[in-house]
Amino acid sequence: MISKECDKKDCPTLYATDRGTLLVQGDRPEDHGLTLPAHEGVVEIPLSLIKKAIADGVI
């Protein structure tokens, strides 16, 4: 885990992998209006989480 927005287990969180990628934990919006391939999905996270990760120097 590199950054999260709260002290609970079920809140928006960024995870770093050993492949140089990020995993994102967040809410799955139902009405995103995007056309995605069957093997892909989206999650919604607060912009403040990205800003926090940048401010903390982790991304």
Say you draw a straight line from [atom1] of [X] to [atom2] of [Y]; how long is it, rounded to the nearest 0.5 Å?
{"X": "Leu34", "Y": "Glu40", "atom1": "CG", "atom2": "CD", "answer": "10.5 Å"}
{"X": "Gln25", "Y": "Leu49", "atom1": "CD", "atom2": "CG", "answer": "10.0 Å"}
{"X": "Leu47", "Y": "Glu44", "atom1": "CG", "atom2": "CD", "answer": "11.5 Å"}
{"X": "Cys11", "Y": "Asp27", "atom1": "SG", "atom2": "CG", "answer": "10.5 Å"}
{"X": "Thr13", "Y": "Leu22", "atom1": "OG1", "atom2": "CG", "answer": "12.0 Å"}
{"X": "Leu14", "Y": "Lys52", "atom1": "CG", "atom2": "NZ", "answer": "10.0 Å"}

**Request:** Look only at the side chain of Ser48 and the backbone of Pro46, and say whether a donor-acceptor pair between them is shorter than 3.5 Å.
**Result:**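 No, the answer is negative, given that no donor and acceptor are paired below the 3.5 Å cut-off.
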
**Asked** What residues, two or more places apart in sequence or in another chain, satisfy side-chain hydrogen bond (donor to acceptor under 3.5 Å, both in side chains) together with Thr17?
**Response**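 Scan of Thr17 (side-chain hydrogen bond (donor to acceptor under 3.5 Å, both in side chains), adjacent residues dropped) gives Thr21.
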
**Item:** Shared hydrophobic cluster for Val42 and Val24 (ILVMFWY, side-chain gaps under 4.5 Å)
**Value:**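 Different hydrophobic clusters.
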
